[in-house]
Amino acid sequence: MHVIHLGPDPRTVGGIQAVLRTIRDHCIGADRISIVPTWGRPSAKYNAVLVACAARIIMAADKRSIVHVHLSDRGAYLRDPPLAALARARGLRVIFSLHGHDFPTFADAHPQVVALALAPAQHVICLSDAARAAAGRTVGCDRVTSLPNPVAIDFQSPPASETEPTILFAGVVGRRKGVDILVEAWRALLDSGTDGTCRI
């Protein structure tokens, strides 16, 4: 099975990029993985070239291939859904993963944009129950699944029972990613006598 993943260039920094690197490096979900970037830097001209290259790859793809679109927000709604429509027109299977944290709010504010963007999807993967509910209202609940992002497991690491408790926050430090909630929860744990380390 060959899966063509569309999304930001995994050589750049970001959450979706980390997910794409994990999928590629560990060959998750397919015998053959192709990462085809549709965004590489904040330049419409540069990204238009990437989208054109992605369209050529989709046109040349074997009919048994799956196109997996990793949709975030803003410009991704202009770049990626037309590629998904092209893939469906060629008879390829199309899956979307919704990564934007504000998808439920965006879907409620722009239902027609979301409906048009997700129309080519045979299945939609969401990271939260709120996103799943919003996507379900658009494409039907039977075509939507909640599934966390894949994480590579370090099997050489000692078991949790042999290490001190450690919390790691590896996102952009700010309220959008919930670091304020983590700090509040960590303080409550310390006050209750929990020992360990919190790294932000």
Hydrophobic cluster membership, Val67 vs Ile33, 4.5 Å side-chain cutoff: no
Verify same cluster id: Ile167, Leu189 (apolar side-chain graph, 4.5 Å): yes
Taking every non-hydrogen atom, the tightest pair across Val114 and Ala107: CG2-CA, 3.7 Å
Hphob cluster co-occupancy, Val183 + Leu190, side-chain heavy atoms under 4.5 angstrom: yes
Point-to-point distance, once rounded to the nearest 0.5 Å, from CG of Leu20 to CD1 of Ile35: 4.5 Å
Test side chain to side chain contact (heavy atoms under 4.5 Å, CB included) applied to Val144 and Val139, step by step: CA-CA 8 Å; Val144 183; Val139 301; 3.5 Å; yes
Where at least one partner belongs to residues 100-123, residue pairs that pass side chain to side chain donor-acceptor pair (under 3.5 Å), sequence neighbours excluded: His101-Arg176, Asp108-Arg137, His123-Thr145
Where Ser97 and His68 come nearest, the two heavy atoms and their spacing: OG-NE2, 2.7 Å
Closest non-hydrogen atom pair, Val124 against Ala135: CG1-CB, 4.2 Å
Rounded distance (nearest 0.5 Å) linking atom CZ of Phe96 with atom CG of Leu6: 8.5 Å
Asp9 to Thr12 - nearest heavy-atom pair and separation: O-OG1, 2.6 Å
Donor-acceptor under 3.5 Å (Arg93 side chain, Arg64 main chain): yes
Spacing of Thr138 atom OG1 and Leu116 atom CG [to the nearest 0.5 Å]: 11.5 Å
Other residues, nucleotides, ligands: >12 heavy atoms within 6.0 Å of Arg32 CZ: no
Exam field: side chain Glu184 to backbone Asp180, donor-acceptor pair closer than 3.5 Å: no
Side chain to side chain contact (heavy atoms under 4.5 Å, CB included) between Phe106 and Asp73, worked out: CA-CA 9 Å; Phe106 183 82; Asp73 50 19; over 6 Å; no
Closest non-hydrogen atom pair, Ser146 against Arg132: OG-CD, 3.1 Å
Same apolar cluster (I L V M F W Y, side chains within < 4.5 Å links), Leu92/Leu118: yes
Minimum heavy-atom distance between Ala54 and Thr38, given as atom pair plus value: CB-CG2, 4.2 Å
Glu162 CD to Ser157 OG distance, which is reported to the nearest 0.5 Å: 10.0 Å
Any Ile66 side-chain heavy atom under 4.5 Å of Ile95 side chain: yes
Verify same cluster id: Ile16, Phe103 (apolar side-chain graph, 4.5 Å): no
Test item: His2 and Asp62 side chains (from C-beta on) under 4.5 Å apart, heavy atoms: no
Note, Ile23 side chain near Pro10 side chain (heavy atom, < 4.5 Å): no
More than 12 heavy atoms of other groups within 6.0 Å of Arg21 CZ: yes
Any Ile153 side-chain heavy atom under 4.5 Å of Val151 side chain: no
Sub-4.5 Å side-chain heavy-atom contact between Ser34 and Ile57: no
Min side-chain heavy-atom separation Asn149-His99 under 4.5 Å: yes
Pairwise distance CZ(Arg90) to CD1(Ile58) - rounded to 0.5 angstrom: 9.0 Å
Any Lys177 side-chain heavy atom under 4.5 Å of Val179 side chain: no
Min side-chain heavy-atom separation Val3-His5 under 4.5 Å: yes
Value rounded to 0.5 Å, distance of CG in Leu78 from CG in Asn47: 11.0 Å
